[in-house]
S.K.: 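This is the structure I want to talk about, given as structure tokens.
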Amino acid sequence: MNSVVISGTGLYTPKNSISNQELVESFNAYVNKFNQEHAEAIRKGDMEPLQESSAEFIEKASGIKSRYVLDKEGILDVDYMHPHLPERSNEEHSIQCEMALVAAREALEEAGRSPSDIDAVIVACSNLQRPYPAVSVEVQAALGVEGFAYDMNVACSSATFGIQAACNAIQSGTAKAVLMINPEICSGHLNFRDRDSHFIFGDACTAVLLERADLAKVKGYEVLGTKLQTLYSNNIRNNFGFLNRCDERGVGAPDKLFIQNGRKVFKEVVPMVSDMIQAHIAEHGIGAQDLRRLWLHQANLNMNVLISKKVLGREATHEEAPTILDTYANTSSAGSIIAFHKHKEGLDEGALGVICSFGAGYSAGSVIVRKL
Ligand code: COA
């Protein structure tokens with residue numbers, strides 16, 4: 001069976017960033033407007049007033065200080081509260097394709113590769129801009145890659161599931177080099193009028209180039225193993241689909257946007273993920289003391305602190321379990337790859353680490369890597 005290496009990674013970060021303060025100001029202006037407009041019903045007790053959000057709560061509960069977004073104006077516009085991302089003609093690149101190209105080209109450059117060296121493209125993310133033609137096929141054509149491409153969605157775990165799919169193809173010989181890309185426009189599925197979750201997400205795109213180890217031009221990281229798990233849960237859900245469209249702001253249909261029971265997710269996913277990582281490293285004869293770095297999914301700082309503590313048996317340093325949540329927020333499947341991309345240097349040859357994602361489904365994925 002062919003060995004697989006991660007020979008390059010890439011990241012697209014949108015230009016605009018929204019601080020907690022800016023987001024909360026807009027949200028609270030919406031709340032005050034809503035409460036004024038419904039003052040009579042609220043006074044009569046027919047309606048509950050909406051409650052204000054707070055920047056302090058957001059940072060304390062999640063570790064998020066700001067998030068990058070494709071469109072700032074529409075999100076902060078109290079009368080719109082949704083990104084302005086107009087539909088494009090069939091002749092233009094989709095937004096996800098544009099994001100993917102930036103991240104993919106960076107990954108190719110790091111690996112010393114050109115598109116002609118690649119034989120498969122996987123676009124793996126939580127929300128696809130359209131059902132078909134697959135976004136991955138558009139990216140494949142825009143890059144000039146021969147071979148095949150397909151899209152896949154396992155919500156926040158899409159990247160680790162995509163890495164396993166790429167590894168399977170390379171190990172079995174159906175591909176030699178696979179670009180696995182995660183264009184996440186999370187601002188498009190976020191309900192910016194929902195106090196419980198309006199602060200959670202940001203936009204970004206990551207790319208991972210996986211190659212047959214004996215052909216790779218750079219050392220990178222060897223993939224020692226992947227482990228995936230899914231367990232059905234309604235605690236993170238989005239009912240949007242082609243049978244039940246709503247208007248683009250999701251007005252009157254909040255269940256067609258992201259909804260979650262965050263407290264339950266926190267409680268149920270922390271043990272699921274730490275058990276999975278522990279079982280995975282044990283299967284490979286690796287002890288917790290052998291792990292140098294955990295590149296965890298970036299949803300909530302407190303969750304990551306707990307998971308790394310459970311896995312390592314002690315608190316992890318920032319270097320051992322890096323977070324990018326403060327500036328990126330939750331970027332769904334891109335999160336653990338952003339952490340890997342920004343914090344993959346500084347490890348000695350032979351050092352072991354785990355890339356791990358988790359999210360809706362529930363779904364969770366663990367990828368054990370060794371620095372070459
Ligand atoms: N501003 C101020 N207060 C807020 C608020 C906001 N935006 N949102 C909620 N609150 C309040 C609640 O009303 C509640 O008040 P109460 O104690 O008086 O009832 C209190 O803060 C705690 O709310 P809760 O929802 O229990 O907060 P939490 O500590 O669980 O944090 C999350 C919320 C979402 C940050 C956290 O649950 C989380 O990150 N969970 C995991 C989510 C996850 O991983 N999801 C995967 C997504 S892909």
Side-chain angles (χ1 to χ4, degrees), residues 18-32 34 48-67 75 81 124-127 153-161 182 184-204 230-231 233-238 240 257-274 276 296-308 323-326 328-339 356-365:
I18 300 180
S19 68
N20 286 348
Q21 201 53 45
E22 289 173 300
L23 193 70
V24 164
E25 270 171 30
S26 148
F27 181 86
N28 290 352
Y30 155 72
V31 165
N32 290 322
F34 180 96
E48 285 293 318
L50 295 182
Q51 288 178 281
E52 290 195 341
S53 182
S54 117
E56 295 70 40
F57 168 83
I58 295 171
E59 189 175 337
K60 191 158 172 270
S62 68
I64 296 165
K65 295 179 185 167
S66 58
R67 70 283 296 141
I75 292 169
M81 298 179 85
C125 60
S126 281
N127 294 284
N153 172 5
V154 202
C156 289
S157 296
S158 297
T160 50
F161 279 61
N182 321 104
E184 292 287 11
I185 311 178
C186 300
S187 60
H189 84 155
L190 185 50
N191 184 352
F192 287 97
R193 294 183 182 82
D194 175 33
R195 178 175 178 255
D196 286 347
S197 64
H198 75 113
F199 54 88
I200 288 179
F201 288 104
D203 303 330
T230 47
L231 185 70
S233 166
N234 275 325
N235 287 327
I236 314 171
R237 200 167 170 109
N238 184 340
F240 180 79
L257 294 165
F258 170 88
I259 43 173
Q260 75 165 353
N261 186 335
R263 206 20 90 86
K264 276 198 179 160
V265 173
F266 196 113
K267 271 175 100 174
E268 291 171 5
V269 169
V270 168
M272 174 179 165
V273 169
S274 30
M276 183 184 70
L296 297 177
H297 175 50
Q298 306 283 316
N300 179 297
L301 179 61
N302 305 322
M303 262 176 128
N304 286 14
V305 167
L306 281 176
I307 291 170
S308 47
T323 46
I324 50 90
L325 258 175
D326 52 344
Y328 280 84
N330 182 344
T331 52
S332 193
S333 67
S336 57
I337 306 299
I338 300 175
C356 176
S357 63
F358 42 88
Y362 295 133
S363 58

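Side chains are part of it too, since the values below use all heavy atoms of this structure and drop only hydrogens, waters and symmetry mates. Predicted, not measured: the structure shown is a model, and the values here were computed from it. Each ligand, and each atom within it, is numbered from 1 in the order the structure gives.
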S.K.: Are the side chain of Asp203 and the backbone N or O of Cys186 linked by a donor-acceptor pair below 3.5 Å?
M.R.: yes

S.K.: Between Ser54 and ligand 1, is there a nitrogen or oxygen pair with a distance under 3.5 Å?
M.R.: yes

S.K.: For atom 25 (O) of ligand 1, which protein heavy atom lies nearest, and how many Å away is it?
M.R.: Asp196 OD1, 4.9 Å

S.K.: Would you tell me whether Glu56 and Asn20 have side-chain atoms, one donor and one acceptor, within less than 3.5 Å of each other?
M.R.: no

S.K.: In terms of atom number and element, which parts of ligand 1 are under 4.0 angstrom from non-hydrogen atoms of Gln260?
M.R.: 34 (C), 42 (C), 43 (C), 45 (N), 46 (C), 47 (C)

S.K.: For the residue pair Phe201 and Glu184, establish whether any side-chain heavy-atom pair is separated by less than 4.5 Å.
M.R.: no

S.K.: Distance under 4.0 Å to a non-hydrogen atom of Gly262: what atoms of ligand 1 satisfy this?
M.R.: 37 (O), 40 (N), 41 (C)

S.K.: Is the closest side-chain donor-acceptor distance between Tyr328 and Gln298 under 3.5 Å?
M.R.: no

S.K.: Is the shortest heavy-atom distance from the side chain of Leu50 to the side chain of Arg195 under 4.5 Å?
M.R.: no

S.K.: Looking at atom 3 (N) of ligand 1, would you say a protein heavy atom lies below 4.0 Å from it?
M.R.: yes

S.K.: Just so I know, are the side chains of Asn238 and Asn127 near enough to count as touching, which here means a heavy-atom distance under 4.5 Å?
M.R.: yes

S.K.: With atoms numbered from 1 as shown, which atoms in ligand 1 lie under 4.0 angstrom from a non-hydrogen atom of Asn300?
M.R.: 35 (C), 36 (C), 38 (C), 39 (O)

S.K.: If we ignore hydrogens and angles and just use 3.5 Å, is the side chain of Ser157 paired with the main-chain N or O of Ser363 as donor and acceptor?
M.R.: yes

S.K.: If you count the atoms of ligand 1 from 1 in the order shown, which ones are under 4.0 Å from a heavy atom of Ala299?
M.R.: 44 (O)

S.K.: Look at atom 31 (O) of ligand 1 and say which protein heavy atom is nearest, naming residue and atom and giving the distance to 0.1 Å.
M.R.: Ala61 CB, 3.7 Å

S.K.: If you measure every N or O of Asn330 against every N or O of ligand 1, does any of those distances drop under 3.5 Å?
M.R.: no

S.K.: Any protein heavy-atom neighbour for atom 38 (C) of ligand 1 (distance below 4.0 angstrom)?
M.R.: yes

S.K.: Nearest protein heavy atom to atom 8 (N) of ligand 1, by residue and atom, and its distance?
M.R.: Phe57 CE2, 3.4 Å

S.K.: Using distance alone, determine whether Arg195 and ligand 1 share an N or O pair under 3.5 Å.
M.R.: yes

S.K.: Hey, is atom 45 (N) of ligand 1 touched by any protein heavy atom at less than 4.0 Å?
M.R.: yes

S.K.: Is there a polar contact, in the sense of an N or O pair closer than 3.5 Å, between Arg263 and ligand 1?
M.R.: yes

S.K.: With side chains defined as the heavy atoms from C-beta onward, is the minimum distance between Phe358 and Thr160 less than 4.5 Å?
M.R.: no

S.K.: When the ring planes of Phe199 and Phe57 are compared, do they come out parallel, tilted or perpendicular, using 30° and 60° as the limits?
M.R.: perpendicular

S.K.: Are any of the side-chain heavy atoms of Ser62 and Asn300 separated by less than 4.5 Å?
M.R.: yes

S.K.: Look at atom 13 (O) of ligand 1 and say whether a protein heavy atom is found at less than 4.0 angstrom from it.
M.R.: yes

S.K.: Checking contacts now, so for atom 17 (O) of ligand 1, which I'm interested in, is there any protein heavy atom under 4.0 Å?
M.R.: no

S.K.: Suppose I only count heavy atoms of Met303 and a 4.0 Å limit; which atoms of ligand 1 are within that range?
M.R.: 41 (C), 44 (O)

S.K.: Does Asn153 use its side chain to pair, donor to acceptor, with the backbone of Ser126 at less than 3.5 Å?
M.R.: yes

S.K.: Examine ligand 1 and decide if any of its atoms is less than 4.0 Å from a heavy atom belonging to Ser53.
M.R.: yes

S.K.: Keeping Ser197 on the side-chain end and Ile200 on the backbone end, is there a donor-acceptor pair under 3.5 Å?
M.R.: no

S.K.: Under 4.0 Å from a heavy atom of Ile236: which atoms of ligand 1 are those, numbered in the order shown and with their elements?
M.R.: 46 (C)

S.K.: With atoms numbered from 1 as shown, which atoms in ligand 1 lie under 4.0 angstrom from a non-hydrogen atom of Cys156?
M.R.: 48 (S)

